[in-house]
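Following: one structure in structure tokens, then a few remarks.
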Amino acid sequence: MALETKLVLLFAFLLFSVSHTEALKSKITRVQFYMHDIVGGPNPTAVPVAGRTNFTSQDPIAASFGSIFVIDNPLTVSPDPNSTVVGRAQGIYAMSSQQKEFSLLMTLTYGFITGPYNGSTFSVVGRNPVMSEVREMPVVGGTGIFRLARGYCMARTHSMDQMDAIIGYNVTLLHY
């Protein structure tokens with residue numbers, strides 16, 4: 001076997017060993033909470049900041065296409081809006097579908113303000129087809145306890161009233 005081939009195999013083995021060792025050091029954390037997305041009323045937590053104003057469609061999905069919201073939604077331990085607030089979801093979502101489906105493109109950071117994850121965050125960037133019963137979205141990073149997080153979250157609408165919604169999240173995080 002040529003020296004170059006041996007060196008390439010040795011390098012590949014070392015690279016595999018390092019990545020495998022790092023994966024073994026990772027921790028898995030599962031978190032459950034409820035996000036309260038309030039668009040209406042006197043104290044909204046999601047506000048539109050851009051959108052089409054000259055669109056006359058009777059189809060509410062098509063009419064909302066291009067609308068962008070900035071959010072600062074409370075995260076609670078139960079669907080009851082008066083239950084303990086454990087954090088905030090902050091970021092942007094945009095109405096991203098022109099089709100017969102109501103879909104958002106989300107870039108949100110979920111930050112914890114109490115409990116064992118106090119001061120830690122994780123971020124989700126992805127498509128959210130909100131009318132599906134369960135939506136899976138990727139976790140793309142994190143800070144604090146969730147530093148270098150990756151994983152996924154499963155979102156399920158608990159209740160909806162007009163545009164206001166309470167969404168249950170089950171999150172699986174792989175982190176260091």
Side-chain angles (χ1 to χ4, degrees), residues 25-51 60-61 63-97 101-176:
K25 291 180 186 176
S26 296
K27 300 173 192 153
I28 294 178
T29 300
R30 290 181 177 83
V31 183
Q32 182 178 348
F33 54 83
Y34 292 84
M35 182 177 82
H36 300 262
D37 190 53
I38 311 301
V39 178
N43 299 308
T45 63
V47 295
V49 295
I61 294 172
S64 66
F65 173 69
S67 296
I68 299 172
F69 289 75
V70 173
I71 74 160
D72 184 6
N73 292 341
L75 307 176
T76 61
V77 297
S78 81
D80 178 355
N82 298 313
S83 64
T84 303
V85 174
V86 294
R88 310 288 302 181
Q90 298 172 325
I92 297 171
Y93 60 77
M95 308 304 186
S96 60
S97 179
E101 128 182 286
F102 187 47
S103 180
L104 306 175
L105 173 61
M106 298 185 357
T107 176
L108 301 180
T109 296
Y110 300 80
F112 294 89
I113 59 173
T114 187
Y117 312 123
N118 185 21
S120 299
T121 70
F122 67 88
S123 295
V124 170
V125 176
R127 182 175 172 275
N128 181 353
V130 296
M131 300 313 282
S132 296
E133 183 178 350
V134 178
R135 290 91 65 192
E136 181 177 351
M137 292 163 285
V139 172
V140 298
T143 65
I145 292 171
F146 303 134
R147 184 171 292 126
L148 297 175
R150 57 199 182 281
Y152 64 95
C153 62
M154 304 298 276
R156 180 187 303 256
T157 302
H158 178 270
S159 64
M160 191 168 210
D161 179 17
Q162 304 279 331
M163 291 290 289
D164 297 347
I166 299 172
I167 302 101
Y169 277 85
N170 285 302
V171 184
T172 300
L173 300 165
L174 186 62
H175 57 94
Y176 295 99

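Computed from a predicted model, the values in this text were never measured in an experiment.
The heavy-atom pair separating Met95 from Phe65 by the smallest distance is O-CD1, 3.7 Å. Among all heavy-atom pairs drawn from Val39 and Phe69, the shortest one is CG1-CE2, 4.0 Å. Across every non-hydrogen atom of Pro74 and Thr45, the tightest pair is CD-CG2, 3.9 Å. Scanning both residues, Val124 and Cys153, for their nearest heavy atoms gives CG2-SG, 3.9 Å. The two residues Ser26 and Tyr176 have their closest heavy-atom pair at OG-CE2, 3.6 Å. Taking all atoms of both residues into account, the shortest heavy-atom contact from Tyr93 to Ala46 is OH-CB, 3.6 Å.
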Determine whether Leu173 and Val139 satisfy the following criterion, side-chain contact (heavy atoms from CB on, under 4.5 Å), listing intermediate values before the conclusion. CA-CA 8 Å; Leu173 300 165; Val139 172; 3.6 Å; yes
Step-by-step side-chain contact (heavy atoms from CB on, under 4.5 Å) determination, Met35 to Leu75: CA-CA 5 Å; Met35 182 177 82; Leu75 307 176; 3.8 Å; yes
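With Ser97 contributing its side chain and Ser103 its backbone, the two residues share no donor-acceptor pair below 3.5 Å. Of the possible donor and acceptor atoms, none in the side chain of Asp37 sits under 3.5 Å from a partner among the backbone N and O of Ile167. The backbone N or O of Asp72 sits less than 3.5 Å from a side-chain atom of Arg88, completing a donor-acceptor pair.
Applying the 6.0 Å contact sphere to CE of Met131 captures no more than 12 heavy atoms from other residues, nucleotides or ligands.
Of the candidates Val86, Asp80, Val85, Ser83 forms a side chain to side chain contact (heavy atoms under 4.5 Å, CB included) with just one, namely Asp80.
For the pair Phe112/Ile145, no side-chain contact is recorded, criterion being any heavy-atom separation below 4.5 Å from C-beta on. Taking 4.5 Å as the limit, every side-chain heavy atom of Val130 sits out of range of all side-chain heavy atoms of Thr157. Using a 4.5 Å heavy-atom threshold, the side chains of Asn170 and Gln32 count as touching. A 4.5 Å side-chain heavy-atom check between His175 and Arg147 finds every atom pair outside the cut-off.
Contacts of Thr172 classified as side-chain contact (heavy atoms from CB on, under 4.5 Å), with partners at least two apart in sequence or in another chain: Ile28, Arg30, Tyr152. Every residue meeting the ring-ring contact (aromatic ring centres under 6.0 Å, His included) condition with Tyr110, not counting sequence neighbours, appears here in chain and number order: Phe33, Phe122, Tyr169.
Under the 3.5 Å distance criterion, with hydrogens and angles disregarded, a donor-acceptor pair is assigned to the side chains of His36 and Thr76.
Rounding to the nearest 0.5 angstrom, the gap separating the CD atom in Gln90 from the CG atom in Asn73 is 9.5 Å. To the nearest 0.5 angstrom, Met106 atom CE is 7.0 Å from Ile71 atom CD1.
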